[in-house]
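Everything on this sheet refers to the single structure shown next.
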Amino acid sequence: MTELMESVELCNECGVCLQVCPTYNATQDDNFSPIARIKVAGRILQGGEITPQMVESVYSCLECRLCTEACPFSIDIANIVWHSRLKLRKRGIESPEPHKKLVESTQRLGNAVNGDPARRLDWLPEEFPSRESSTLLYVGCASAYVTKDAAASSYLLLKKLGVDFMILKDEGCCGVIYGDAARDDLLREIAEENVNKFKKLGIKKIILVCPACYYCFKYLYPQLLGSVDFELVHIVQLLPSLLKERGIKIAQVVGEVTYHDPCRLARPDGIFDEPREVLCLSGIKVNELPENREDAPCCGAGAGVRMVCRDLSLKVASKVLDQVTVSPLVTACPFCEFSFSYIAHKRGSDKKVVYITEPVLQALS
Ligand code: SF4
Ligand code: SF4
């Protein structure tokens, strides 16, 4: 707690982060600003009196880390916010109702998107392969149920490139929603369950389709379990070397896209070059958004905000969509794909949004 309070106390309210915070920019409301969140966190962590407005401030943070990039002291507000949510719950102030409902359905259904467990493998473009491997492709709830093209094209692309991997018939949720809803007790349970399952199967390496699962395995599991002993890679990190090893480089331009860096890959991991390189090797010209790489905009769905502040989330997504001049918008996150596709559909826009492995697979076919 002391370390967190030290970070809180570093803030001199210089206001630099206000320029980049998507929730503040969308609302111009101080309660939705990084400064308010830091002040509220200080109060929560020190046991001060809490108002509903303060709870809203903490639960409307996208945990996108744009503020940290801008802050002269690199204050990790997303981490402070997460610990404030945990502390609030310990003080008897639960997460907002939509989070509680999703926690309940995730426990009941084993996925975070209200999907029918019997249909978890509907995305699979062939019979379930009873193949064993020490490498696991973990597709995650969003791409298994919602943006199924992300799961299917990732699976087919890895097969096409001759990667030895397996998938799970009983893949469950990574538990990131429990983290968003401050249910670290449930997150710990599911983390133990998943880690034991991977151990029993002899999994040494996990390829992730979803940056939220990647973040959860990489950063949240070790906070709760101490460490995890398997290698984690997001699929975009693997693809450039795979293509190069197989001598694949399409010289002519076969298409063009706009690339969007998902928050969970951009910050703090800095995974920028790999997705651009794989598109380039596949003959796809990459156009950039006005802000990209470490400054890339958030899709508005991070940290469970889409459930508790729907209008705010849509406003944030809408602003990004407006900046896309070359369609399709390509992203390496199934949640971002859903978030941008939803707003495009809602606004009657003809801009398309696709998961990165989709155009790469097409180019290589
Ligand atoms: S940029 Fe950093 S120091 Fe300045 S107000 Fe924001 S959090 Fe505080
Ligand atoms: S993490 Fe994102 S939404 Fe939260 S305060 Fe920082 S910039 Fe704003």
Side-chain angles (χ1 to χ4, degrees), residues 3-45 53-88 95-96 99 176 179-182 211-212 215-216 219-220 260-270 289-320 333 335-336 339:
E3 227 175 88
L4 283 176
M5 272 316 293
E6 276 170 14
S7 296
V8 166
E9 280 158 10
L10 270 180
C11 178
N12 62 7
E13 299 185 34
C14 69
V16 172
C17 54
L18 298 182
Q19 292 158 30
V20 298
C21 175
T23 57
Y24 178 69
N25 286 331
T27 59
Q28 295 298 309
D29 181 337
D30 287 344
N31 197 41
F32 294 86
S33 75
I35 299 180
R37 289 176 181 129
I38 287 205
K39 285 187 187 164
V40 168
R43 219 178 157 93
I44 294 170
L45 298 172
Q53 199 192 18
M54 292 175 185
V55 176
E56 187 182 38
S57 186
V58 164
Y59 274 97
S60 60
C61 175
L62 295 156
E63 296 181 11
C64 67
R65 291 193 158 80
L66 276 161
C67 48
T68 305
E69 281 299 321
C71 174
F73 307 109
S74 301
I75 300 176
D76 190 350
I77 297 174
N79 187 44
I80 293 171
V81 161
W82 189 53
H83 283 279
S84 303
R85 289 184 185 187
L86 297 181
K87 180 76 177 173
L88 274 179
S95 58
H99 276 187
V176 74
D180 293 341
Y215 178 82
C216 187
Y219 293 105
L220 301 186
H260 166 257
D261 298 277
C263 295
R264 297 297 200 201
L265 294 187
R267 300 171 292 269
D269 281 37
L289 288 166
E291 272 94 34
N292 58 8
R293 301 173 79 92
E294 58 268 34
D295 300 323
C298 176
C299 76
V305 171
R306 195 170 191 279
M307 276 173 292
V308 287
C309 308
R310 176 64 58 96
D311 290 348
L312 171 62
S313 170
L314 295 183
K315 237 179 178 177
V316 172
S318 204
K319 201 176 157 205
V320 180
C333 175
F335 277 110
C336 296
S339 191

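We count ligands from 1, going down the list as the structure has it; atoms in each ligand are counted the same way. In this text the structure is predicted, and so the values were computed from the model without any measurement.
Between Ile38 and Ile77, the closest side-chain pair of non-hydrogen atoms falls below 4.5 Å. Contact check for Glu56 versus Phe32: side-chain heavy atoms found under the 4.5 Å cut-off. Within the 4.5 Å cutoff, no side-chain heavy atoms of Arg43 are placed close to those of Val40. Side-chain contact between Arg37 and Thr23 is present, with heavy atoms from C-beta onward closer than 4.5 Å.
Here CG of Leu88 is found 6.0 Å from OH of Tyr59. Values are rounded to the nearest 0.5 Å.
Judged by distance alone, the side chain of Arg264 and the main-chain N or O of Cys216 form no donor-acceptor pair under 3.5 Å. Looking at Arg65, its side chain never comes within 3.5 Å of a backbone N or O of Cys263 through a donor-acceptor pair. Between the side chain of His83 and the backbone N or O of Leu4 there is no donor-acceptor pair closer than 3.5 Å.
Atoms of ligand 1 found under 4.0 Å from any heavy atom of Asn12, numbered from 1 in the order shown, are 3 (S), 4 (Fe). Close approach of ligand 2 to Pro22 (heavy-atom distance below 4.0 Å) involves ligand atoms 7 (S). Contact atoms of ligand 1 toward Cys17: 1 (S), 5 (S), 6 (Fe), 7 (S) (distance under 4.0 Å to a heavy atom of the residue). Less than 4.0 angstrom separates some heavy atom of Pro34 from each of these atoms of ligand 2: 5 (S). Heavy-atom proximity to Pro72, at under 4.0 Å, picks out these atoms of ligand 1: 1 (S).
Residue contacts with ligand 2, taken as heavy atom pairs separated by less than 4.0 Å, involve Arg37 solely via side-chain atoms from C-beta onward. Contacts between Ile35 and ligand 1, counted as non-hydrogen atom pairs separated by less than 4.0 Å, involve the side chain only.
Distances from atom 6 (Fe) of ligand 2 show that Cys67 has an N/O/S atom below 2.8 Å.
The nearest protein atom to atom 2 (Fe) of ligand 2, hydrogens excluded, is given as Cys64 SG, 2.3 Å; this is a heavy-atom distance. Remark: minimum distance from atom 3 (S) of ligand 2 to any protein heavy atom is reached at Leu62 N, 3.4 Å. Nearest protein heavy-atom contact of atom 4 (Fe) of ligand 1 is Cys14 SG, 2.3 Å. Nearest protein heavy-atom neighbour of atom 8 (Fe) of ligand 2: Cys21 SG, 2.4 Å.
Asp269 and Tyr219 are linked by a side-chain donor-acceptor pair at a separation below 3.5 angstrom, with hydrogens and angles left out of the test.
At least one heavy atom of Gly15 lies less than 4.0 angstrom from ligand 1.
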